[in-house]
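Quick notes on the structure that follows.
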Amino acid sequence: MLAYIYRIIRDFEQQHGMHPNLLYLNSFHNEHLQAAFAENFTTQNIREVLKLDMVIDQGVMHPHVAWAQSAQKKIAS
């Protein structure tokens with residue numbers, strides 16, 4: 001899952017010329033993502049490593065990334 005997340009981040013950066021700041025995933029994806037990190041890593045630690053805010057929504061079929069100004073303001077504060 002982590003490799004896939006890095007790939008969609010890279011693809012977004014190549015297409016848009018900026019790093020995304022949102023990651024949309026469901027709880028199943030989130031569990032697999034957390035499994036890629038050490039047990040003591042919190043969700044906050046993972047967000048810091050990926051430099052993404054995470055939106056967990058059961059309606060998300062496939063993880064995807066985006067950029068939103070409101071998320072950027074939240075991250076900067």
Side-chain angles (χ1 to χ4, degrees):
M1 179 61 66
L2 184 57
Y4 178 77
I5 300 300
Y6 275 127
R7 188 169 51 249
I8 62 175
I9 290 170
R10 183 197 66 221
D11 292 348
F12 184 95
E13 288 175 336
Q14 289 175 346
Q15 184 175 4
H16 300 286
M18 67 175 70
H19 188 82
N21 60 6
L22 292 172
L23 170 62
Y24 292 87
L25 65 168
N26 64 35
S27 58
F28 178 77
H29 302 135
N30 187 43
E31 288 175 21
H32 284 278
L33 177 60
Q34 288 183 346
F37 291 90
E39 273 187 39
N40 61 340
F41 259 62
T42 65
T43 299
Q44 181 62 32
N45 295 136
I46 295 170
R47 290 170 53 196
E48 290 170 4
V49 168
L50 297 177
K51 299 177 186 159
L52 296 169
D53 218 358
M54 294 168 45
V55 178
I56 301 174
D57 179 355
Q58 288 312 107
V60 174
M61 296 298 290
H62 301 285
H64 60 278
V65 293
W67 188 91
Q69 186 172 1
S70 59
Q72 187 64 32
K73 288 179 184 176
K74 179 181 173 187
I75 291 169
S77 15

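Note that these values count all heavy atoms, side chains included, but never hydrogens, waters or copies made by symmetry.
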Can you name the closest pair of heavy atoms from [X] and [Y] and give their distance?
X	Y	value
Tyr6	Val49	OH-CG1, 3.8 Å
Ala36	Leu2	CB-CB, 3.8 Å
Ala66	Pro20	O-CB, 3.3 Å

Donor-acceptor contacts under 3.5 Å from residues 9-17 side chains, at least two apart:
unit_1 : atom_1 : unit_2 : atom_2 : d
Glu13  : OE2    : His19  : ND1    : 2.6

Spacing of Thr43 atom OG1 and Glu48 atom CD [to the nearest 0.5 Å]: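 Thr43 atom OG1 to Glu48 atom CD measures 11.0 Å (nearest 0.5 Å).
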
Value rounded to 0.5 Å, distance of CG in Leu33 from CE in Met54: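 Nearest 0.5 Å value for the CG-CE distance: 5.5 Å.
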
Using a 3.5 Å cut-off and no angle test, enumerate the donor-acceptor pairs between side-chain atoms of residues 22-32 and protein atoms at least two apart in sequence or in another chain.
unit_1 : atom_1 : unit_2 : atom_2 : d
Asn26  : OD1    : Phe28  : N      : 3.0
Asn26  : OD1    : His29  : N      : 2.9
Asn26  : OD1    : His29  : ND1    : 3.1
Asn26  : ND2    : His29  : ND1    : 3.4
Asn26  : ND2    : Val60  : O      : 2.9
Ser27  : OG     : Gln58  : OE1    : 2.9
Ser27  : OG     : Gln58  : NE2    : 3.4
His29  : ND1    : Asn26  : N      : 3.1

Ring pair (Phe, Tyr, Trp, His ring centres under 6.0 Å) involving Tyr4 - partner list, sequence neighbours excluded: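 Ring pair (Phe, Tyr, Trp, His ring centres under 6.0 Å) check on Tyr4 returns nothing, list empty.
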
Ile56-Met61 co-clustered via ILVMFWY side chain contacts under 4.5 Å: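 Ile56 and Met61: separate clusters.
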
